[in-house]
Each structure stands twice: as C-alpha cells, then as structure tokens.
Amino acid sequence: MKIRALRYPPGLDFLSYDALPSGANAESVPIEAEDGGKSRGVLYSKGKEKTVLFVMHPRADMTRHYMVPGIVGNGYAFFGQICRSPGDDLSATTIHEHLLADVAAGLKFLRSRGYENIVLVGNSGGASMFAFYHKQATTQPPGRLTATVAGDPFDLNKFDMPTADGFIFLGPHLGAGLWMRDGIDPSITDEDDPTSCDPALDLYSPENGFREPPTASEYSSDFLMRYRAAQDARSSRIDALAWSMIRAESARDELAEATAGRNDAAGLLARRQAIAGKGQRITIHRLDANPESVDRTTTEPGRSYGSLFAYRPDLLNYSMHTSKIIDPRAWLSSWSAATSRARLLENLPAVKTPTLVLAYRGDNTVHPDKVKQVYDQSPAKDKDFKLVNGDHFGFFDGPEGEGGRPAARKVIVDWLRGHFPVA
C-alpha cells in the first residue's frame with residue numbers, strides 16, 4: 001500500500017489565481033532598487049483606482065497571488081512583486097537587509113503611479129519582511145542599519161524608504177528564523193549524516209510518545225522541554241558554523257590580498273583557496289519536526305494532522321524536500337532564530353497604521369494562537385482580527401461559503417471599504 005506523505009499533489013501551484021475579472025489589465029514592471037538590485041512586479045488594475053495592495057515574499061513568487069481577482073474586481077489595484085532572490089535555489093542566498101531596498105523600490109514605483117493609498121499585504125513570510133521594512137523606514141537617518149547581520153556594508157540611511165498607509169497580515173508567521181527553529185530536528189547527531197539520531201530526542205519514536213496517524217501522538221512536558229532546548233542548541237550550532245565559515249572566507253581573502261602579485265607556490269595557492277572558498281553552503285537536514293504537527297493536544301479546531309506540506313511529517317522529515325542548502329550569510333540574516341532581524345513581533349511596535357490581522361483556522365504552519373499574538377501586540381489604534389476556515393494557502397474542503405479564499409477575500413474587501421473607500 002502506497003503511503004501518502006505529501007499534503008498536496010506534486011506540481012500544484014499553491015498561490016496562483018485562476019482567472020482575472022473582465023476588464024482587468026496585468027502590466028509587467030521591471031523594478032530596480034537604489035543599490036542596483038533587480039526585481040520585477042505585476043500591476044493589476046482596471047484603471048483609476050485610488051488604493052493599491054502590495055504583496056511580496058522573501059522567496060516565493062506572489063505575482064499571481066490568489067487574492068488578485070477578488071481585490072481588482074472590487075475596485076482596488078493589486079501589485080505583486082518578486083524579490084531579487086526568489087525560488088528554492090536562489091533563496092539560499094536571501095539577505096533580508098537587501099530585500100528592504102526591493103520593497104522601497106516597489107513602493108516608490110506605486111507612488112509614482114499616483115496611488116493615494118498603499119496597503120502592504122504581509123502573507124506568511126512576507127509579514128516579517130514588511131514589518132522589518134516599516135521599522136527601518138520609520139527610523140530617521142542616520143539611525144537605520146548600516147550593515148547586514150554578517151557585517152557586510154549595506155547602509156539603509158542612503159535609501160529613500162517610503163511608508164505605506166495600511167497593513168494586512170495574512171497568515172503571518174513570526175519570522176523565518178523562528179519558524180526554522182520550531183521545526184528543526186534536534187535529534188540529529190551528525191550534520192553530514194541525515195539518518196543519524198539520538199533516540200532520547202527522537203520526536204518520531206514511540207518511546208517518546210509518537211503514534212502513527214490517525215492515532216494521536218502525545219508527549220510529556222519533560223520531553224517537550226528537553227526537545228525545545230535541544231532545538232535551540234542545534235540552531236545555535238549552525239549559527240557558530242556560519243560565523244566560522246565567514247571568518248575563514250575573510251582570512252583567505254586577506255591572505256590572497258597580501259600575496260597579490262606573487263607567482264610562487266604560496267601566492268598561487270592563496271589565490272586559489274580564496275576563489276575555491278567562495279559560495280560555500282551549509283547543508284541542513286531534517287526540518288519537519290515540530291511537535292505541534294503531530295501532537296493533537298495542541299491542535300486548533302479545524303486544523304488537520306501534519307505540517308505545512310506533509311500528512312506524514314515523520315516520513316517527509318527524512319526527505320530532501322525538507323533539507324536546505326544555505327549560504328552562511330543568508331542563514332544569519334534569514335534563518336537564524338538568534339540573529340535574523342526579520343522578527344515580526346520585534347518590529348511590530350513601529351507598525352501603527354490601520355491593521356487587519358487575518359488567520360486561517362486550519363493553518364498547519366502558522367497556528368491561529370500565534371497569529372493572535374500579532375493582533376494583541378499591535379500598537380495600531382485601528383486594528384482588527386479575523387479568523388476564517390482554511391489552510392495556510394486558503395484551501396478549504398468544507399461547505400461552500402463557509403471558509404477558504406472566498407471568505408478571506410470578503411474579510412479583506414470589507415475591511416478595505418471601511419478604511420480606503422473606492423469612491
């Protein structure tokens with residue numbers, strides 16, 4: 001009997017709309033940031049809209065976001081931008097500080113088109129990125145960041161960073177680094193061996209409380225405490241590895257510079273080592289091991305068993321589907337729980353514009369209780385929190401009209417009409 005491990009069929013486009021409403025135009029727009037970074041976007045409109053919604057994600061292509069038809073059909077424009085380092089391969093080099101320049105360029109483009117109101121749509125990982133942007137944009141120079149986490153110069157004080165007029169947090173997670181830490185498997189004992197395992201920390205061992213679905217798993221508080229501490233420890237070990245790789249690269253560069261012009265064996269070796277050391281990556285295995293995916297005592301009503309992409313995370317955890325090959329600088333900027341600056345709750349105090357926080361009850365990766373933290377900690381005087389049925393991508397198998405993308409769209413449109421009227 002074939003076991004279904006994946007939640008969605010291969011090849012499914014999780015984010016795209018089906019068709020545009022009549023009269024809607026899709027304009028492809030090249031975007032160039034002030035530092036020269038290249039990205040692109042698609043502007044959807046019927047013409048003469050006053051308000052535009054702006055969506056972007058640190059990795060995913062949201063230029064065909066599923067909300068486009070419903071938003072444009074109700075009198076609002078929609079701009080989906082794909083950042084300078086999209087996709088599974090290039091996301092290995094995603095530096096969040098660089099992405100802020102892309103966001104600024106997108107906002108400047110929309111202002112140049114005459115939109116009176118711009119509403120940022122922070123969907124999933126886009127939420128922490130946009131909050132990070134807004135914190136820096138509302139910080140007056142020279143108080144902005146001048147370097148990436150790894151110490152590479154990147155002076156945000158030199159950029160024109162416009163602000164938006166409203167925020168929609170749609171299924172927002174609290175930051176890629178925190179999401180990574182919560183799902184990383186701490187039982188691995190050898191980073192070079194994806195099957196190595198410390199039985200005392202094995203989430204998927206019956207000895208620790210795991211049961212194969214549909215039977216519920218349940219873990220003791222003692223195990224969960226040790227498990228979460230071990231996740232922190234593994235994440236910190238990868239932090240240390242990233243820093244050591246960056247320092248080693250710097251040392252090789254310094255030696256190559258010191259021996260420049262020398263054609264003896266030592267000089268040639270130094271230059272070759274410097275070149276060979278560029279672009280090294282960290283390979284990280286087993287990233288689908290969050291206890292909340294399988295422990296039914298933590299399950300919200302309406303949320304099914306499993307993780308974001310897996311019905312059987314106990315199996316997918318050992319697949320290359322859950323491994324990442326990451327540049328050490330990208331790890332520190334985007335995926336480290338300790339060093340990434342794209343942490344939603346830490347940047348949220350700067351977001352004081354009208355705010356809608358929208359969660360899906362069946363979300364298998366961003367549970368509603370975490371989304372509620374965004375609403376509770378928002379400093380906006382004008383804020384609202386809504387829950388609708390559906391999973392992280394807005395898919396819903398229940399009765400028509402009781403959830404999913406249509407329900408989420410209605411919440412968003414109703415909120416927009418109350419804050420940014422069409423006429």
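As the structure is a prediction and not an experimental result, all values here were calculated from the model.
- Every salt bridge (charged side-chain N to carboxylate O under 4.0 Å, His left out) that D232 has, sequence neighbours left out, goes to R181.
- Of the possible donor and acceptor atoms, one in the side chain of S112 sits under 3.5 Å from a partner among the backbone N and O of F109.
- Residue pairs meeting the salt bridge (charged side-chain N to carboxylate O under 4.0 Å, His left out) criterion with at least one member in residues 340-356, sequence neighbours excluded: E97-R341, R343-E346.
- A salt bridge is defined here as a Lys NZ or Arg NE, NH1 or NH2 lying under 4.0 Å from an Asp or Glu carboxylate O, and R234 with E191 meets this definition.
- Side-chain atoms of N123 come within 3.5 Å of backbone N or O of L170 as a donor-acceptor pair.
- Partners of F132 by ring-ring contact (aromatic ring centres under 6.0 Å, His included), not counting sequence neighbours: none found.
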For residues 36-43, tabulate all N or O donor-acceptor pairs below 3.5 Å that involve a side-chain atom, not counting sequence neighbours.
residue, atom, partner, partner atom, Å
K38, NZ, G36, O, 3.2
S39, OG, Q81, NE2, 3.1

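- Not one N or O on the side chain of E249 forms a donor-acceptor pair closer than 3.5 Å with the backbone of R247.
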Got a list of side-chain donor-acceptor pairs under 3.5 Å for residues 280-287, not counting sequence neighbours?
residue, atom, partner, partner atom, Å
R281, NH1, G279, O, 3.0
R281, NH1, D327, OD2, 3.4
H285, ND1, S323, OG, 3.0
R286, NE, D185, OD2, 2.9
R286, NH1, P194, O, 2.5
R286, NH1, S196, O, 2.8
R286, NH2, S187, OG, 3.0
R286, NH2, S196, O, 3.0

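- Residue pairs meeting the salt bridge (charged side-chain N to carboxylate O under 4.0 Å, His left out) criterion with at least one member in residues 100-121, sequence neighbours excluded: E27-R113, E34-K108, R84-D102, R111-D165.
- The salt bridge (charged side-chain N to carboxylate O under 4.0 Å, His left out) contacts involving residues 389-413 comprise K410-D414, where partners must be two or more places apart or lie in separate chains.
- Put simply, the side chain of N317 gets close to the backbone of D288: a donor and an acceptor are under 3.5 Å apart.
- Ion pair K278/D253 flagged as a salt bridge, since at least one NZ, NE, NH1 or NH2 atom sits closer than 4.0 Å to an Asp/Glu carboxylate oxygen.
- Note that OH of Y44 is 5.5 Å distant from OG1 of T63, once rounded to the nearest 0.5 Å.
- Applying the salt bridge (charged side-chain N to carboxylate O under 4.0 Å, His left out) definition to pairs two or more places apart or across chains, those involving residues 134-162 are D152-R329.
- Applying the side-chain contact (heavy atoms from CB on, under 4.5 Å) rule to T339 yields the partners V149, L332, S336; only residues at least two apart in sequence or on another chain are considered.
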Step-by-step side-chain hydrogen bond (donor to acceptor under 3.5 Å, both in side chains) determination, T365 to H173: CA-CA 8 Å; T365 191; H173 68 56; over 6 Å; no
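- Using a distance-only test at 3.5 Å, with no hydrogens or angles considered, a donor-acceptor pair links the side chain of S340 to the main chain of S333.
- A cation-pi arrangement, defined by a distance under 6.0 Å to the six-membered ring centre and an angle within 45 degrees of its axis, is absent between R7 and F309.
- Judged by distance alone, the side chain of Y305 and the main-chain N or O of R312 form no donor-acceptor pair under 3.5 Å.
- With hydrogens and angles ignored, the 3.5 Å screen pairs a side-chain donor or acceptor of H65 with a backbone N or O of M67.
- Side chain of S16 to main chain of F14: no donor-acceptor pair is present (N/O by atom type, distance under 3.5 Å, no hydrogens or angles).
- Partners of K370 according to the salt bridge (charged side-chain N to carboxylate O under 4.0 Å, His left out) rule, which considers only residues two or more places apart in sequence or in another chain, are E292.
- Listed by chain and residue number, F167 satisfy the ring-ring contact (aromatic ring centres under 6.0 Å, His included) test with H134 (two or more places apart in sequence, or in another chain).
- Annotation: ring-ring contact (aromatic ring centres under 6.0 Å, His included) contacts of Y76 (sequence neighbours excluded): none.
- Under the side-chain contact (heavy atoms from CB on, under 4.5 Å) rule, V371 has a single partner from V357, D363, L174, which is V357.
- No donor-acceptor contact under 3.5 angstrom links the side chains of D202 and S205, judged on distance only.
- Under the 3.5 Å distance criterion, the side-chain polar atoms of K383 are matched with a main-chain donor or acceptor of S378.
- A side-chain N or O of Q231 and one of R228 form a donor-acceptor pair less than 3.5 Å apart.
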